[in-house]
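This report concerns only the one structure given below.
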Number of protein chains: 2
Amino acid sequence: MEKEGGSQRATIRDVAARAGVALSSVSRALSGHPDVSDEMRKRVEEAARALGYEPNLVAQSLRSGVTRTIGFVIRDISSPMFALLARSCEQELRRNGYSMILVNSDGNVDNEARNFALLRRRRVDGIIASLVAEDSPYLQKNLTAAHCPIVLLDRQVSGLKVSAVLSNHGAGVYLATKQLLERGHRNIAFITGSSNVYPTRSRLEGIERAFREFKLEVPQDLLATGGFDSDYALAHARALIHKTPAPTAIVAGGLGALMGVTKALKESNLEMGKDIAVVALDELPYIEVFSGDISTVYRDPEAIGREAAQLVLEGLAGKAPRESVIDTLFVERGSSAGGL
Amino acid sequence: MEKEGGSQRATIRDVAARAGVALSSVSRALSGHPDVSDEMRKRVEEAARALGYEPNLVAQSLRSGVTRTIGFVIRDISSPMFALLARSCEQELRRNGYSMILVNSDGNVDNEARNFALLRRRRVDGIIASLVAEDSPYLQKNLTAAHCPIVLLDRQVSGLKVSAVLSNHGAGVYLATKQLLERGHRNIAFITGSSNVYPTRSRLEGIERAFREFKLEVPQDLLATGGFDSDYALAHARALIHKTPAPTAIVAGGLGALMGVTKALKESNLEMGKDIAVVALDELPYIEVFSGDISTVYRDPEAIGREAAQLVLEGLAGKAPRESVIDTLFVERGSSAGGL
DNA sequence: CTCTACGCTGGAAACGATTGCGGTAGCGAC
DNA sequence: GTCGCTACCGCAATCGTTTCCAGCGTAGAG
């Protein structure tokens with residue numbers, strides 16, 4: 001019932017001593033090895049319980065060469081979508097006996113490289129990563145030297161054997177753009193996100209497909225790529241609004257962009273869904289209750305998290321890396337109306 | 001430049017062989033031990049670089065008895081506030097050389113107990129936990145048997161030597177309530193959250209203090225405690241609205257409660273800030289841009305995360321556990337006006 | 001009775017690092 | 001020349017497990 005050694009933790013050696021058997025027998029008894037008599041199993045379990053023995057996973061990892069740990073490298077976990085994604089991913093990993101070790105890169109490639117190195121030293125069994133960029137200089141080395149399966153979130157790095165979960169942003173953006181075009185919009189402004197990542201390429205593909213169907217040219221001067229965080233997004237949104245001819249619709253990709261647009265419209269006393277049509281790419285959780293009426297291109301963050309976990313588990317099972325595509329859909333709400 | 005053993009990782013033994021020195025010298029050279037000649041250090045570093053040697057943290061942990069890992073047990077990381085908290089906490093820990101291993105309890109005490117056991121087996125150096133409840137049966141054992149410093153988030157468990165970061169919810173709630181009372185509200189409904197956790201007690205204290213100053217009784221039939229998630233919150237909010245006399249103000253604690261209230265008001269075509277005054281306890285990030293005009297009791301989640309990291313680091317440094325209080329403040333916006 | 005087979009157990013070698021201790025070489029002092 | 005000191009290095013034990021291998025006792029077969 002009580003610990004014998006006082007505050008020290010019981011080891012397998014203590015259990016062996018108490019049960020009066022060899023170390024190896026304890027190990028076999030507790031790990032379900034077949035070569036163990038019932039008598040032995042009972043004595044060992046009894047002793048283990050009495051000592052409050054809990055196996056040392058560090059020692060097990062060293063011996064077995066496997067840590068049952070997955071590294072999760074993320075640009076910024078505070079984004080609500082990532083939070084949902086991380087949760088479902090952790091649940092799925094835990095259900096399969098793995099723990100998740102979480103590191104933020106804070107959007108910084110140097111941090112990201114350090115984080116990869118840290119995970120390598122920790123001998124994680126696999127890595128799930130939302131990379132800052134696809135063209136970071138350390139990237140090739142980080143991905144090839146990892147010695148473990150890797151799953152990328154919404155990133156494509158050519159020439160490497162890694163898995164990836166890709167959202168088909170283009171599909172939803174295509175539908176949204178098509179609807180705007182059908183309603184007569186021609187001056188549609190797009191804020192698509194940083195140009196060096198897959199989502200932007202996918203979105204552009206959707207935009208171009210829609211315009212092509214209408215035999216129109218994409219208005220290049222209303223097309224804004226580039227990182228859009230907070231202040232910069234606001235400045236950019238202001239500039240877009242005041243172009244001539246003024247855009248009658250805005251498609252804002254990413255939270256920063258949406259915030260910028262929202263503020264800029266407020267400043268100019270423009271109401272979305274009335275004076276100007278607005279579509280957001282990716283939506284906040286709880287959007288229906290709080291942000292109300294914003295039309296969005298939606299993707300299910302929990303599905304992405306689960307799929308990422310599945311892909312890394314597949315890799316651990318020895319399967320070849322592969323890409324998995326998650327669909328997006330256009331959710332029409334009030335904000336995409338209006339604007340002439 | 002190239003790995004020698006092919007795909008196998010280099011160990012300290014390989015480095016020693018290549019440098020033509022003893023294992024122990026390699027260890028000393030790489031860990032900055034003083035008893036190392038410049039010549040030796042150079043040879044070892046050279047060999048280590050050539051082999052792409054990366055120390056095995058698992059082996060180091062086993063030998064040193066320290067994992068430089070902190071367990072983060074959380075009810076649900078997908079809550080936006082927790083996401084921010086977790087991020088700042090992870091940053092702070094990483095700056096101090098620790099990694100964070102994240103486990104969700106999904107609001108379930110059994111999962112929570114399993115998670116604690118897992119972290120114990122993983123020999124984490126410390127634990128930061130947002131507990132499901134303060135009176136869970138496993139709790140005492142989990143906290144006393146942890147063998148490491150523990151920091152609780154917004155929970156008080158009496159009679160135990162653990163640290164805690166507590167938000168002074170009462171302070172903000174007091175100010176909010178006072179303002180409502182000053183404006184003449186008397187039928188104020190409160191949804192405070194589950195009764196078995198500290199935040200609810202703190203909020204109640206603030207409410208009672210405000211009413212006492214006005215020499216009034218807290219309207220008990222408008223006081224709702226209990227867990228408020230999604231559907232249940234909605235039902236409860238509906239019921240509160242239709243009481244007679246109808247409340248002229250509602251204070252909603254927690255995201256679920258706020259969602260419920262928002263929906264219920266919409267259903268009844270009541271506009272917050274006009275037909276009824278509303279104050280939310282805790283706010284969503286980006287609230288100013290999206291949810292607009294909701295008055296809230298605010299606390300800084302990043303400060304809480306940093307403080308939690310500091311407390312656990314203090315514990316690791318051998319200091320005695322202590323409680324740290326983070327202040328809250330009342331942020332008045334449009335929604336707390338109106339309602340007569 | 002002897003030989004083999006089998007079921008179970010114990011001993012010991014790993015896994016990859018750190019560290020106390022003992023040893024050696026070099027050098028200055030006497 | 002000898003002694004002692006310092007600076008440095010290597011040996012081996014150790015952390016807590018798992019697992020291979022050998023041994024042992026019993027039983028069954030010949």
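Within every chain, numbering begins at 1; the chains are lettered A, B, ... in the order of the sequence lines, protein sequences first and strands thereafter. Keep in mind that the numbers below use all heavy atoms, side chains included, and drop hydrogens, waters and symmetry copies.
Taking a cutoff of 4.0 Å between a charged side-chain nitrogen and a carboxylate oxygen, R75(A) and E112(A) do not qualify as a salt bridge. The residues E54(B) and R9(B) are annotated as not salt-bridged, no charged nitrogen and carboxylate oxygen being separated by less than 4.0 angstrom. For R18(A) and E46(A), the salt-bridge test fails: no basic side-chain N is under 4.0 Å from an acidic carboxylate O.
When distances are taken from the side chain of L62(B) to each of dG16(D), dT9(C), dA17(C), the shortest belongs to dG16(D). Comparing dG16(C), dG10(C), dC9(D) against the side chain of T11(B) picks out dG16(C) as the nearest. Ranking dG20(C), dT17(D), dG11(C) by closeness to the I12(A) side chain, first place goes to dT17(D). Among the nucleotides dT17(D), dC9(D), dG10(C), the one closest to the side chain of S37(B) is dC9(D). Considering only side-chain atoms of R63(B), the nucleotide from dG16(D), dC15(D), dT9(C) that sits closest is dC15(D).
Test E90(B), Q91(B), E92(B) against R94(B) for side chain to side chain donor-acceptor pair (under 3.5 Å) and you get one pass: E90(B).
For the pair Q60(A) and dG16(D), the criterion of a side-chain N or O lying under 4.0 Å from OP1 or OP2 is not met. Dashed line: the shortest gap from a side-chain N or O of S64(B) to OP1 or OP2 of dA17(C) is not under 4.0 Å.
At distances below 3.5 Å, at least one donor-acceptor pair connects side-chain atoms of S61(A) with backbone N or O atoms of L57(A).
D35(A) places its CG atom 14 Å from the P atom of dC21(D), with the value rounded to the nearest Å. For L51(A) and dG16(D), the CG to P distance is 14 Å, given to the nearest whole Å. In this structure, the CG atom of D14(B) is 11 Å from the C1' atom of dG16(C), given to the nearest Å. The distance between atom CZ of R122(A) and atom C1' of dA17(C), rounded to the nearest whole Å, is 15 Å. Look at CZ on R28(A): it is 12 Å from C1' on dA12(C), rounded to the nearest Å. Between the C1' atom of dG7(C) and the NE2 atom of H33(A) lies a distance of 11 Å, rounded to the nearest Å. L57(B) places its CG atom 10 Å from the P atom of dA17(C), with the value rounded to the nearest Å. Atom pair R13(A):CZ and dT17(D):C1' shows a separation of 10 Å (rounding to whole Å applied).
Here the CZ-CZ distance, from R68(B) to R122(A), works out to 8.5 Å after rounding to the nearest 0.5 Å.
For R9(B) and dG16(C), a side-chain-to-base donor-acceptor distance below 3.5 Å is absent, hydrogens and geometry of angles not being considered. Between the base of dG16(C) and the side chain of R123(A) there is no donor-acceptor pair shorter than 3.5 Å.
Nucleic acid contact for S24(A): base, since at least one base atom lies under 4.0 Å from a heavy atom of the residue. Contacts of N56(A) with the nucleic acid, taken as non-hydrogen atoms under 4.0 Å apart, involve only primed sugar atoms and P, OP1 or OP2. Residue contacts shown for V58(A) are absent, as no nucleic acid heavy atom lies under 4.0 Å away. Among the atoms of the strands shown, base atoms are found under 4.0 Å from some heavy atom of S27(B).
Nearest-nucleotide positions on DNA chain D for V21(B) and P55(A) put V21(B) closer to the 5' end. Residues L23(A) and P34(A) both approach DNA chain C. Their nearest nucleotides, taken by heavy-atom distance, put P34(A) toward the 5′ side.
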